[in-house]
Amino acid sequence: MNTAVSLERLVCTFGPVGQPVRAVDGVDLDIPEGEFYSLLGPSGSGKTTVLRLIGGFESPDSGTVRLFGQDVTAQPPYKRDVNTVFQDYALFPHLSVQDNVAYPLTVRGVPGAERRRRAGEMLDLVRLTAYGNRRPAQLSGGQRQRVALARALAARPRLLLLDEPLGALDLKLREQMQQELRSIQRQLGLTFIYVTHDQGEALSMSDRLAVFSAGRIEQQGTPHELYEYPRTAFVADFVGGANLLPGERLGRPGERLALRPERVEVLPAGQGTWQATVRGVQYLGAQTRLELDAGGVTVLALIPSAGGLPALGEVRGLRWETSALRVLER
Ligand code: ADP
Ligand code: MG
């Protein structure tokens, strides 16, 4: 497998001399060609800056950016085989949809007939064939985002960067666009780097992802690896949510353990390993989220709603398989 992007010890700081913000603080990352790769993390963790470093819109203080085996650290954006889709679409309001999509080809001097053919292909790809003559203002948010995607793909970059592209869409449309994006990426076989702060989105769309915190990568791997084997408390909590349990209470002194809420069984009082008082009941439809107090340790449990729900203040027993516990790094 070839490597599309290789980042080596990347550092990028902003702000006045003397009190710089380390937006990117020593990032090493290899992204295989043809993957849907997500950068996941809370706001301010450095995701956009990493994307801008890959695109060439930002220069690192130190470290190396390689694209398809070539060191491009000193190259300007237009010399990199990359395009970017932003959250705010950035379409030209005075141009038709067709001309917006063809714009990058116009800039590159692609002749008229070829330009129209390729723009047409891209509009087919994003299922907007019938909308070529409209203006962006005459489209819905989801359609505008698809025009932005078609435009970014028109020049056939080898690598597409997407910075929270679905952030402005409502939930239903966002879920539909997630599937469309994934299917387009598979059809074209291109490398997509997708920035999001939404862990559900990153888990469901990605071949692989990197979890960012404070300008560093906490952990990278497949969605399954990150969910099943989080190495740090941050990853356990940010990806999926977890109970962080003190090993002292489990006969494992010195260890810090993570336990997914759906792995906690809630039993009648008197049964199980721990006794706990119900402090919160949050009905979510198919499942209900319980907050329980087990002698000073808060435990979250996700249980099927159909089995009947406890009331606030009631006592329940808690149990879990030892194999559900994950030991975290200190
Ligand atoms: P994310 O995309 O994960 O929300 P960013 O990469 O945008 O994070 O920002 C990382 C950190 O760098 C933040 O603390 C942000 O305020 C800071 N930062 C980003 N860009 C600039 C800039 N141009 N000038 C000053 N600080 C910046
Ligand atoms: Mg950002």
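In each ligand, atom 1 is the first atom listed, and ligand 1 is the first ligand listed. As a basis for the values below, the full set of heavy atoms in this structure was taken, side chains included, without hydrogen atoms, waters or symmetry mates. Values in this document were obtained by computation on a predicted structure and should not be read as measured data.
- Ordered by chain and residue number, the residues placing a heavy atom less than 4.0 Å from ligand 1 are F14, V21, A23, P42, S43, G44, S45, G46, K47, T48, T49.
- For the residue pair T196 and E201, a side-chain donor N or O sits within less than 3.5 Å of a side-chain acceptor on the partner.
- Checking T48 against the Mg ion (ligand 2), an N/O/S atom falls under the 2.8 Å cut-off.
- L257 places none of its side-chain heavy atoms less than 4.5 Å from the side chain of R326.
- Between E8 and R66 there is a salt bridge, with a side-chain nitrogen of the basic residue lying less than 4.0 Å from a carboxylate oxygen of the acidic one.
- Using a 4.0 Å cut-off between charged nitrogen and carboxylate oxygen, R117 and E114 count as a salt-bridge pair.
- Under a cutoff of 6.0 Å and an axis angle of 45°, R158 and F68 form a cation-pi pair.
- With a 6.0 Å cutoff to the six-membered ring centre and a 45° limit on the axis angle, R186 does not count as a cation-pi contact of F36.
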